Amino acid sequence: MFEQVKMAPPDAILGLTEAFKNDTRPGKINLGVGVYKTAQNETPVLECVKRAGERVVQAETTKSYLPIPGAPEYGCYVREMLFGADSEIVQNERAVTAHTPGGTAALRVAGDLIKKSFPDASIWLSSPTWANHNGVFSAAGIETESYPYYDAANKCLALDDMMAALAQVPAGDVVLFHACCHNPTGMDPNAEQWKAIAGLAAERGFLPFVDFAYQGFGKGLEEDAAGLRAFCRAGCELIVSSSFSKNFGLYKERVGALTILADSADAAARVFSQMKRCIRRNYSNPPAHGGALVTTVLGDPELRALWEGEVKEMRDRINGMRKLFVDTLKAKGVEQDFSFITTQRGMFSFSGLNKDQVGTLREKHAIYIVGSGRINVAGMTPGNMDVLCEAIAEVL
Ligand code: LMR
């Protein structure tokens, strides 16, 4: 049977990590996968997580299963982070949450839920979007469509085209938005633009699906929820996938969440029952450790304050690298204007480098970036900046 199976192509992002690991050249630089690095080129365990880890291990009395949607207190903290602790939504139980193995599982469970509940709905994705979005929703059997998002020539949002396309989305379809730190462009709508988008969603009757993987990496933990909350204010029902992979550095623990906001607590409870069926058929119930770490940190004022400081530190370092990158390119004699990179937010920069340039950087300089030209700014350090910018200057 297996003789007939064809080799699959490597994954656009995680496949790069594999290739990078196999590269034996000294001084190689990985700016592919969205993983944070310190100035010393390490992806550390956050201090708040280390301290919570000791408590979690001490307090653990059983390895028995979690409920299908995970621990209820985890869901409470997720909803507080999304909607704000004093939100009417939290109090009126109009939102339900499941702990999923990473944000990716939240997307897939949501995909299954959409297919089951609204079999004819298509999902609209920004162009461009995260390299895995299409695959996840297609795997769930959903038709994917795309709407314009980025103006590559002017390095800004293609706002007019986006609004025109969204105005044509049929009622009952689903439209996916990146809450902040758009992956791969790093360009987000501002408050006024979010308000207009949310107004359109309410008026047209499409269902917004907010993918929130980078809370705290844009402007701040609260500030980054502005887009999501604009949809709430407009009275929309919502699907939200979120993740603690980046802002807690818990990548391999797979700590994500799927939250549904409905018009009534009653509808939310019915959707939750369907969500649990989808989960049971996928992975049964989530792994416990990462969720316990997050719950412990968010439930302890001292650890929480420590965490907020650590998120700020990561955000500030990335923004510092954006500036150093633009300055160093200039110092290396690059005349092209790269100042747009300092206006982008989050881990990624959409550099504008084309496939050939990306290929040469990898073959000749052992520098790994995603084929779309997406650069992980969080992988830049003061130590690798000169080499990186000299190589980019050479391929431009
Ligand atoms: C990325 O876009 O690099 C991250 O979200 C990691 C991943 O799973 O692709």
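Keep in mind that the numbers below use all heavy atoms, side chains included, and drop hydrogens, waters and symmetry copies. This is a predicted model, so every value here is computed, not measured. Indexing begins at 1, ligand by ligand and atom by atom, following the structure's order.
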Sub-6.0 Å ring centroid separation between Y214 and Y36: no

Between Y251 and F244, is the gap from one ring center to the other below 6.0 Å? no

Could you grab the distance from atom CZ of F231 to atom CG of L207, nearest 0.5 Å is fine? 10.0 Å

Polar pairs, ligand 1 vs protein, N/O only, below 3.5 Å.
unit_1	atom_1	unit_2	atom_2	d
ligand 1	2 (O)	W130	NE1	3.0
ligand 1	2 (O)	N183	ND2	3.0
ligand 1	2 (O)	R374	NH1	2.9
ligand 1	3 (O)	G34	N	2.7
ligand 1	3 (O)	R374	NH2	2.8
ligand 1	5 (O)	K246	NZ	3.2
ligand 1	9 (O)	W130	NE1	3.1

Under 3.5 Å, which donor-acceptor pairs do the side chains of residues 153-172 form with other protein atoms, sequence neighbours left out?
unit_1	atom_1	unit_2	atom_2	d
N154	ND2	D151	OD2	2.9
K155	NZ	A152	O	3.3

Can you name the residues that form a side chain to side chain contact (heavy atoms under 4.5 Å, CB included) with R79, not counting sequence neighbours? C76, F83, V90, A95, T97, T259

The salt bridge (Lys or Arg N to Asp or Glu O under 4.0 Å) partners of E47 (sequence neighbours excluded) come to R51

